[in-house]
**Q** 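This structure is in structure tokens; I'll ask about it shortly.
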Amino acid sequence: MNYRDSRRNCGPETATPIYVLKSPFNEKEEFLLNDGKRSDDRAPLEVRKMYFGVSNISQAKGSSYVELGSTKVVCGVYGPKEMAPSSIFKSTGQVLCEVKVAPFSSYVRRSPVPDRQVKELSMQVKDALEAAIILEEYPKAQIDVFLTVVEDSGGVLAACVTAASLALCDADIRMYDIVVAASVAWYNDRIYLDPSIEEEECIARAGERLATSKSSASSTEDELEGSNGSVTVALMPLYANGQVATMVMSGSVTAAKLQDGLDAALETCRKVYAIAKQVLIQRVSEAKLPEKLED
Amino acid sequence: MAPLNSWEVIEPANYFKSFVDQSSRPDGRDWNTARPISVRVGSIGTAEGSATVRLGNTTIVCGVKAELCRPSLEHPTRGFVVPNVELYPCCSSTFKAGPPGEKAISTSQFLQRLLQNNEIIDYEQLCVVPNKWAWCLYCDILCLDYDGNLIDSSLLSLVAALLHLSLPTVNIDPDTEALSLSQKHTQKLTIKERPMSTTFAVYNSDIQLLDPSAADEAECGGEVSVVLMESGDVCSIRKTGGRQVGVLLPSAVSSGKVQGFISTAQSRLSGIHETLKEALELHASANRKEP
């Protein structure tokens, strides 16, 4: 941090995270172990265990909790309410989406002051939600969607989008469909579903190496000349036979591999959708109806 | 969120009074009943120490991140502990987006002072090499659901997370002075005392509500927090707000009342410590099962 945060208790001027000395991740650039399993004991096309819950913030209109493996995201929805006076006039509704990432959510502590990655993440989630909410139903109103990432172990964007749309459903906001998201990674031409943070880091390092080896013409090793990258897809499975709300991709992937990966991601989205739907149906069937007023 | 009652929306003060007049509160508790407490440690895998605390609906997560730094010149043999409370707008509509508000700042300050002014942590234990290397423990306390009584819940989560914390051992090469860390996190921090807080909301000079919810806090003029050590000795008392009460009834918090608060807090103490111990034992036995 270059400046002192006057509103928080600050530690010393400079402090070094312990993971500079000791990487939390497996340093080997190998995804698959000898038995064909990934480092967290999953098959390449196996997703992590997920848990969805709704109505868990007592003070919010709608709320949800999503776990993908050990990635944990909490979402609270407030509104629709009157638009903030400072905002630009719009005849349809507006979505305000803010993601907060807990300082302890990653191995290297994040500053509590929002950084660029977090702002970008908020924007990506907002884009996915604006496609799903029937904004015409809420003229001149604002819907606040606040997300807190409690632990980040990969697939944060996917977890945030799913959490936000569950919370919106819980808040009875009218939507075209539930948006659900899933992520897929390519490494050395193989497809891996739902990459963990360790795998995401590994792909990012491979991408960096590729960029440097391509820029230096003398490079001879071509072992990384495969598809390396990752994509997060947010899908509305039922609306108009399936519409993609957001797609964020990085890396370099051949067109054929891209198609395979996207198919796998969409298939996962449909599975996530089934779980999300089940959670919402359970919430509605268990809901207490407001007591009738006696005359 | 519970369906809103129109009386509650239009006349919140009268609505609340109707409950208080019958010796109860809108959530069905009487004045001297606290909400159930649950504690879980080790819930965050990326933090070196962590704890989740629930007081009724109020949910607090505390995560401790350890970093290495240079000790300050004035205290060359001491490390740092930096508690910060974050009240994101996600947890309640009363908190705005942006930098921390007054409530978050004052609670952070309160916790900071509590740690510094009492023999709770051995700061010297946090020093690795005097004047060269020390641990800095960033304790970030996150509110996920705000239903009142931030002080009690954040203090409990901070103590539980510090008890759960384990640090890697630091080895220093005698020739190059290079640092290396052990693979396993095994070094536990000595916590000398486990301070616990009990908060009352002041409704008027006669009525004080134990463990206030968000609705209670909104209708009450101020709060009294009593922080006790495990022995029952008082280590901090904090009274905030109470303006409306103070002008009309100057004896709202008189010395007799303070004694009453302390004895109520002492009577709750063993139960809270028991819950904390159970959570730590549960975590320890779960760790033993998977080597």
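We use all heavy atoms of the structure for the numbers below, so side chains are in, but hydrogens, waters and symmetry mates are not. Chain naming here is simple, since letters A, B, ... match the order of the sequence lines and numbering starts at 1 in each.
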**Q** Taking every non-hydrogen pair under 4.5 Å, which of B/A66, B/C136, B/G63, B/C90 racks up the most with chain A?
**A** B/C90
**Q** Donor-acceptor pair, B/N57 side chain versus A/S58 backbone, under 3.5 Å?
**A**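 Not at all, since once roles are kept as given, no pair shorter than 3.5 Å links the two residues.
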**Q** Tell me, yes or no, whether the heavy-atom count around B/R40 atom CZ, taken from other residues, nucleotides or ligands under 6.0 Å, exceeds 12.
**A** no
**Q** Relative to chain B, which segment of A/Y107 carries a heavy atom at a distance below 4.5 Å: side chain, backbone, both, or neither?
**A**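 Contact with chain B: backbone and side chain both.
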**Q** Using non-hydrogen atoms only, which part of B/P71 is less than 4.5 Å away from chain A: side chain, backbone, both, or neither?
**A** neither
**Q** Name the region of B/C91, side chain, backbone, both or neither, that has any atom closer than 4.5 Å to a heavy atom of chain A.
**A** backbone
**Q** Between the side chain of A/R109 and the main-chain N/O of B/K65, is any donor-acceptor distance below 3.5 Å?
**A** no
**Q** Spell out, as yes or no, whether a donor-acceptor pair under 3.5 Å connects the side chain of B/T46 to the backbone of A/F104.
**A** yes
**Q** For A/D144, is it the side chain, the backbone, both, or neither that has a heavy atom closer than 4.5 Å to a heavy atom of chain B?
**A**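 For A/D144, no heavy atom lies under 4.5 Å from chain B.
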**Q** Please round to the nearest 0.5 Å and tell me the distance separating atom CD1 of A/I57 and atom SG of B/C143.
**A** 9.0 Å
**Q** Identify which of B/T58, B/V81, B/N84, B/V82 forms the greatest number of heavy-atom pairs closer than 4.5 Å to chain A.
**A**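 Highest number of heavy-atom pairs under 4.5 Å: B/N84.
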**Q** Considering only heavy atoms, which portion of B/S72 lies under 4.5 Å from any heavy atom of chain A: side chain, backbone, both, or neither?
**A** neither
**Q** Please identify, among B/A47, B/C69, B/P89, B/P99, the residue contributing the most non-hydrogen atom pairs under 4.5 Å to chain A.
**A** B/P89
**Q** Hey, could you give me the OG/CD1 distance between A/S6 and B/I105, rounded to the nearest 0.5 Å?
**A**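 Separation between the atoms: 7.5 Å.
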**Q** Looking only at side chains, do A/N9 and B/S108 share a donor and an acceptor under 3.5 Å apart?
**A** no
**Q** Quick check on B/T59 against chain A: is it the side chain, the backbone, both or neither that has a heavy atom closer than 4.5 Å?
**A**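 Looking at B/T59, nothing touches chain A.
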**Q** Taking all non-hydrogen atoms of both residues, which atom of A/K100 and which atom of B/G98 are closest, and how far apart?
**A** NZ-O, 4.3 Å
**Q** Take atom NZ in B/K188; do more than 12 heavy atoms of anything else shown fall under 6.0 Å from it?
**A** yes
**Q** Tell me, for A/Y65 versus chain B, whether the close heavy atoms (under 4.5 Å) come from the side chain, the backbone, both or neither.
**A**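 For A/Y65, there is no contact with chain B at all, as no heavy atom is under 4.5 Å.
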**Q** How long is the span from the CZ atom in A/F146 to the OG atom in B/S93, to the nearest 0.5 Å?
**A**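 Rounded to the nearest 0.5 Å, the CZ-OG separation comes to 9.5 Å.
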**Q** I'd like to know which of A/A102, A/C75, A/S105, A/A171 tops the heavy-atom pair count under 4.5 Å against chain B.
**A**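 Most heavy-atom pairs within the cutoff with chain B belong to A/S105.
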**Q** Top residue by heavy-atom pair count (under 4.5 Å) with chain B, among A/A15, A/G76, A/P114?
**A** A/A15
**Q** With a 4.5 Å cut-off on heavy-atom pairs, point out which of A/S153, A/A167, A/S106 contacts chain B the most.
**A**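 The answer is A/S106.
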**Q** Taking atom types as modelled, is there a side-chain donor on B/D147 or A/Q59 under 3.5 Å from an acceptor on the other?
**A**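 Looking only at side-chain atoms, A/Q59 and B/D147 do form a donor-acceptor pair, the distance falling under 3.5 Å.
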**Q** Which atoms of A/K81 come close to chain B, meaning under 4.5 Å heavy atom to heavy atom: side chain ones, backbone ones, both, or neither?
**A**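 Neither part; nothing is under 4.5 Å.
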**Q** Below 4.5 Å from any heavy atom of chain A, which atoms of B/A214 appear? Answer side chain, backbone, both or neither.
**A** side chain
**Q** When you measure from the side chain of B/Y88 to the backbone N and O of A/V99, does any donor-acceptor pair fall under 3.5 Å?
**A** no
**Q** Relative to chain B, which segment of A/V150 carries a heavy atom at a distance below 4.5 Å: side chain, backbone, both, or neither?
**A**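 Its backbone and side chain both get close to chain B.
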**Q** In terms of heavy-atom proximity below 4.5 Å to chain A, should B/E48 be classed as side chain, backbone, both, or neither?
**A**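 Looking at B/E48, just its side chain touches chain A.
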**Q** Working to the nearest 0.5 Å, report the span between OG of A/S70 and CD1 of B/I44.
**A** 9.5 Å
**Q** Within this structure, what is the OG1-CD distance for the pair A/T14 and B/E67, rounded to the nearest 0.5 Å?
**A** 10.0 Å
**Q** So does B/E86 pair up with A/R8, basic N to acidic O under 4.0 Å?
**A** yes
**Q** Between B/T94 and chain A, with a heavy-atom cut-off of 4.5 Å, which part of the residue counts as in contact: side chain, backbone, both or neither?
**A**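 It is neither, since no heavy atom gets under 4.5 Å.
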**Q** Please report the shortest heavy-atom distance between A/E151 and B/S43, naming the atom on each side.
**A** OE1-O, 3.7 Å
**Q** Counting N and O atoms only, with roles assigned by atom type, does the side chain of B/Y138 sit under 3.5 Å from a partner on the main chain of A/P103, one being a donor and the other an acceptor?
**A**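 Checked: no pair found.
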